[in-house]
Amino acid sequence: MSRLFIEKNELESLLQTIQPYAKTGSMPTYIPELNQMNPDLFGCAVYKDEHIVAAGHADYLFTLQSVSKIISLALALMDHGEKKVFSKVGMEPTGDPFHTIEALEEEKPSKPLNPMINAGAIAVTSLIAGNSGDEKIGRLLTFIHELTDNPSISVCEKTAASERENADLNRALSYFMKSHDVIDGDMESLLDVYIKQCSIQLTCKDLARIGSVIGKKGRDPNSGRNIIPPRIARIVKTFMVTCGMYNASGEFAIKAGIPAKSGVSGALVAALPDGTGMGIISPPLDKKGNSAAGLKLLETLAEKYSLSIFS
């Protein structure tokens, strides 16, 4: 069993030191259920080869939100291959916010620039195989159960209902893409799958294991089999580096250099090439929609333990 780069007491000390950075962020008001989260939540888990170090609120349940985008991307690529997926969504970073519609209007054809912005993620979700919305979300949940080795993970229906009532912008993105033949089918059914995808709830420990599998070329740490094909795991990690923090991705790559993805619940997942995965929760967000304390924690860990993939 490989030793992790950090001990529990060190991680606990870091969380206490970095906790005040949460005060620089604010809670997301546009999804009422997320706005009700405890702003003082702060947890982190680090996982590698079945060895885990956890501190703070590492067992607290929270929703994936945009962290789910890397998982749906992996599944869509496994279902359809690169040619099909990237005919619907691009591979380029964007300097625009994650909910931008402006970029869709400017691009010819009007496909999203990458799978990490909302429009791109909706296009990717439309490609998950299944004859119904229930089958699609069921397949995604089964995939997450495999990645986490936790079959109890489910959709938080209360969060999904809250998001469903505040989905007008994502609805607009969906119908815009449909009008330009980027996606097809019933948009309300697609939006329901996307909302449920974002509302899947898990813990920092689950998230750290997902990061470990992605970091270790898609390999399950227990059985050694590939849950995700190595090339697809590499594609996912590349998007995490170039687009994982939305329009703060370039700055984060310089400061931390860790493949990572954020969500507006305050979730963060990181995937290192040696198979170390990290899961973090801290709900207050900075101005670009990333966890304020979570980003500081990753930057601090990267600097203190030389974790940057660019070192």
Side-chain angles (χ1 to χ4, degrees), residues 18 21-22 24-26 28 44 64-74 77 82 85-86 89-107 111-124 173 207 210-211 214-215 232-274 276-280 282-311:
I18 292 170
Y21 282 88
T24 68
S26 58
C44 178
L64 280 170
Q65 299 304 322
S66 285
V67 173
S68 69
K69 295 172 181 177
I70 60 173
I71 304 169
S72 59
L73 174 62
L77 285 166
E82 295 173 51
V85 171
F86 294 123
V89 63
M91 305 180 188
E92 298 301 323
T94 173
D96 297 312
F98 60 87
H99 46 56
T100 180
I101 196 169
E102 182 181 2
L104 289 178
E105 295 176 310
E106 292 176 349
E107 289 297 304
K111 70 178 185 180
L113 281 171
N114 66 68
M116 299 298 112
I117 55 176
N118 285 10
I122 291 167
V124 166
L173 292 170
L207 205 50
I210 292 174
I214 293 171
I232 291 177
R234 180 170 69 83
I235 290 170
V236 170
K237 278 186 289 188
T238 304
F239 276 116
M240 291 169 77
V241 173
T242 60
C243 312
M245 299 295 172
Y246 309 118
N247 48 328
S249 297
E251 181 180 353
F252 181 74
I254 291 170
K255 289 184 175 180
I258 298 174
K261 182 72 193 84
S262 67
V264 293
S265 58
L268 283 168
V269 62
L272 296 176
D274 69 349
T276 299
M278 290 181 275
I280 298 170
S282 178
L285 308 177
D286 65 18
K287 292 180 180 179
K288 294 184 179 178
N290 301 309
S291 171
L295 253 64
K296 183 63 179 178
L297 178 60
L298 284 180
E299 291 168 4
T300 303
L301 289 169
E303 183 177 358
K304 185 173 182 178
Y305 297 101
S306 301
L307 301 180
S308 174
I309 63 172
F310 304 111
S311 297

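Everything numeric here is computed off the predicted structure, so don't read it as measured data. Heavy atoms only: backbone and side chains are in, while hydrogens, waters and symmetry mates are out. Count residues from 1 along the sequence.
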For this session: Can you see which heavy atom on Cys44 is nearest to which on Ile280, and at what distance?
Result: SG-CG1, 3.8 Å
Problem set entry | Close side-chain approach of Val241 and Ile258, heavy atoms under 4.5 Å | no
Exercise. Sequence neighbours excluded, which residues qualify as side-chain contact (heavy atoms from CB on, under 4.5 Å) partners of Ala121?
Worked result: Lys69, Tyr194
Problem set entry | Pair listing, salt bridge (Lys or Arg N to Asp or Glu O under 4.0 Å) test, anchored in residues 251-273, at least two apart | Glu251-Lys255
Exercise. What is the distance from atom CD1 of Ile71 to atom CD1 of Ile210, rounded to the nearest 0.5 Å?
Worked result: 4.0 Å
For this session: Run the numbers on Val67 and Leu268 for side-chain contact (heavy atoms from CB on, under 4.5 Å), then give the verdict.
Result: CA-CA 7 Å; Val67 173; Leu268 283 168; over 6 Å; no
Exercise. Can you find a heavy atom in the side chain of Ile214 that is under 4.5 Å from one in the side chain of Ile70?
Worked result: yes
For this session: List for me each residue that meets side-chain contact (heavy atoms from CB on, under 4.5 Å) alongside Leu285, sequence neighbours excluded, and say none if there are none.
Result: Pro28, Val264
For this session: Taking all non-hydrogen atoms of both residues into account, name the closest pair between Lys288 and Asn247 and its distance.
Result: NZ-O, 3.5 Å
Exercise. Are side-chain heavy atoms of Leu272 and Met278 found at a separation under 4.5 Å?
Worked result: yes
Problem set entry | Where Phe252 and Ala260 come nearest, the two heavy atoms and their spacing | CE2-CB, 3.9 Å
For this session: Search all heavy atoms of Pro115 against all heavy atoms of Val89 and return the closest pair with its distance.
Result: N-CG2, 3.6 Å
For this session: Keeping to residues at least two apart or across chains, list the side chain to side chain donor-acceptor pair (under 3.5 Å) pairs with something in residues 290-311.
Result: Ser262-Asn290
Exercise. Between Lys237 (side chain) and Gly215 (backbone), is there a donor-acceptor pair under 3.5 Å?
Worked result: yes
Problem set entry | Pairwise distance CD1(Ile232) to CG(Leu73) - rounded to 0.5 angstrom | 8.5 Å
Problem set entry | Any donor-acceptor N/O pair, Ser68 side chain to Leu64 backbone, under 3.5 Å | no
Exercise. How long is the span from the OG1 atom in Thr238 to the CE atom in Met91, to the nearest 0.5 Å?
Worked result: 10.5 Å
Exercise. Just wondering, do Thr24 and Asp286 contact through their side chains at under 4.5 Å, heavy atoms?
Worked result: no
Problem set entry | Contacts of Ser249 that satisfy side-chain hydrogen bond (donor to acceptor under 3.5 Å, both in side chains) - sequence neighbours left out | none
Problem set entry | Interatomic spacing from CG in Leu298 to CD1 in Ile18 - rounded to 0.5 Å | 9.0 Å
Problem set entry | Atom pair CG (Asn114) and OH (Tyr246), whose distance is rounded to the nearest 0.5 Å | 10.5 Å
Exercise. Partners of Ala22 by side-chain contact (heavy atoms from CB on, under 4.5 Å), sequence neighbours excluded?
Worked result: Gln19, Ser282, Pro284, Ala293
Problem set entry | Crowding at OH, Tyr21 (>12 non-hydrogen neighbours, <6.0 Å) | no
For this session: Identify the two heavy atoms, one from Ala123 and one from Pro112, that lie closest to each other, and give their separation to 0.1 Å.
Result: CB-CG, 4.4 Å
Exercise. So which heavy atom on Val269 is nearest to which on Met240, and how close?
Worked result: O-CE, 3.9 Å
